[in-house]
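Notes to accompany the following structure.
In each ligand, atom 1 is the first atom listed, and ligand 1 is the first ligand listed. Computation of the quantities below employed the complete heavy-atom set of this structure, encompassing side-chain atoms and omitting hydrogens, waters and symmetry-equivalent molecules.
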Amino acid sequence: MKLFTLGPVEMYDRTFEIAKKQVPYFRTPEFSEVVLECERLLEKFAHAGEGAKTVFLTCSGTGAMEATVLNCFDSSDRLLVIDGGSFGHRFTQICDIHGVPYDAVKVPYGKALTKEMVYEFDGKGYTGLLVNIDETSTGQLYDAQMLSEFCKRNGMVFVVDAISSFLADPLDMEALGIDAMIFSSQKSLALAPGLSVVLLSSRMYEQRVRDRKPVTMYLDFNSHIENGKRGQTPFTPAVRLIYELQDMLRYVDEIGLENKLAHMKEVAADFRARLNGTGLTLPDYPLSNAVTPLFFPDGNAYEVYETLKKEYDVFVTPNGGDLAKTVIRVGHLGNHTVEDNIMLIDLFKKVLK
Ligand SMILES: *Cc1c(COP(=O)(O)O)cnc(C)c1O
């Protein structure tokens, strides 16, 4: 089986070695050391800065998105949400459910988010911005620098869902003034699903989290941060996933973050360069290294997805709704090489004949 999906993704053999072991009891100093090492390496790779806080949650990425809204904002805020696909739209649904006022910057399908779209909301008293920096449903990588400058000039806090982008595209919390960054185990970390992490800048923690009355028990950041001081979590964490995470972060540290990012860039660019002659086309907007969306002019995208699955045990990512016939997404996250690209392009050519 080969996965070109967007979570779970193709895992590394070293992760399977971890996954076959007994899950140990975790209220121990030994486990605390593992959690603290993960925290140190995550903060290093994200450039989280002095006084940053790390929250380990046992939930999928959406749980971490919801937790961030619940712990950092309330009905006195006015947020701006970049809504350019299903994940951006999910932030608006979370705000609706919890009564957090917002306006959406709608990005029309197939179009790049522009500075003009964002600056329509300049100087209007917004308090925070929520963005999925790679909108995984379209593969668009938004301009983090432009959004960062907008937040700075408007005094807004900057929340980045980097669930598919972390370790795939360069992102520097300090340089960009990011106040909360979210990731999840089953995407670019290439682990099993069930663990999500939120990194908070010291500014976010001190100004918006520390003195807030909890509105959720399971997802309360302050109880996580309090327990986290000794490398623990308030409730049973995804213990095995923490061990998988430790191993993956050690691996990235060994090869070097720069090399990991360069590899991701190389694999994505190589795949895109090989599309020549397949009849499949790319969108015009900027793309994340995590995923390549492909347009099928003959409307047979879903059939190709099914044929690859049934006949070759190869999984690409289908789209839902109106786009099912015309778009599939090819994920590059996880254990992928240029050889995998060659194999998949050959299959596309064979199946499309
Ligand atoms: C996958 C993903 C999520 C979360 O999805 P879950 O199914 O809840 O893990 C959120 N945001 C982005 C950008 C994603 O790619």
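- Backbone and side-chain nitrogen or oxygen atoms of Leu6 are examined, and none is located within less than 3.5 angstrom of a nitrogen or oxygen of ligand 1.
- Per-residue contacts place Thr62 under 4.0 angstrom from the following atoms of ligand 1 (heavy atoms of the residue considered): 4 (C), 5 (O), 6 (P), 8 (O).
- Ranking protein heavy atoms by distance to atom 6 (P) of ligand 1, first place goes to Ser60 OG, 3.4 Å.
- For the 3.5 Å distance criterion, the side chains of Arg212 and Asn71 fail to qualify, holding no donor opposite an acceptor.
- Counting the atoms of ligand 1 from 1 in the order shown, those under 4.0 Å from a heavy atom of Gly61 are 4 (C), 6 (P), 8 (O), 9 (O).
- Residue contact annotation: Asp134 has a non-hydrogen atom under 4.0 Å from ligand 1.
- Tested against Glu149, the residues Gln145, Lys152, Arg153 include a single side-chain hydrogen bond (donor to acceptor under 3.5 Å, both in side chains) partner, Gln145.
- Exactly one residue among Thr62, Asn132, Thr68 makes a side-chain hydrogen bond (donor to acceptor under 3.5 Å, both in side chains) with Asp161. That residue is Asn132.
- Taking a cutoff of 4.0 Å between a charged side-chain nitrogen and a carboxylate oxygen, Arg40 and Glu43 do not qualify as a salt bridge.
- Of all the heavy atoms of Asp161, the ones lying under 4.0 Å from any atom of ligand 1 belong exclusively to the side chain.
- The residues Arg208 and Asp179 are annotated as not salt-bridged, no charged nitrogen and carboxylate oxygen being separated by less than 4.0 angstrom.
- Heavy-atom distances between Glu135 and ligand 1 stay at or above 4.0 Å for every pair.
- Of all protein heavy atoms, the one closest to atom 3 (C) of ligand 1 is Phe87 CE2, 3.4 Å.
- Considering both main-chain and side-chain atoms, Gln186 comes within under 3.5 Å of ligand 1 through a nitrogen or oxygen pair.
- Closest heavy-atom contact between Ile18 and Arg240: O-NE, 4.3 Å.
- Close approach of ligand 1 to Lys187 (heavy-atom distance below 4.0 Å) involves ligand atoms 1 (C), 2 (C), 3 (C), 14 (C), 15 (O).
- Each of the following atoms of ligand 1 lies closer than 4.0 Å to a heavy atom of Thr136: 12 (C), 13 (C), 14 (C), 15 (O).
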### Query
Leu6 and Leu333: side chain to side chain contact (heavy atoms under 4.5 Å, CB included), yes or no, with the steps?
CA-CA 7 Å; Leu6 286 156; Leu333 297 175; 4.2 Å; yes
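- Heavy-atom minimum distance, Ala67 versus Leu57: CB-CD1, 3.9 Å.
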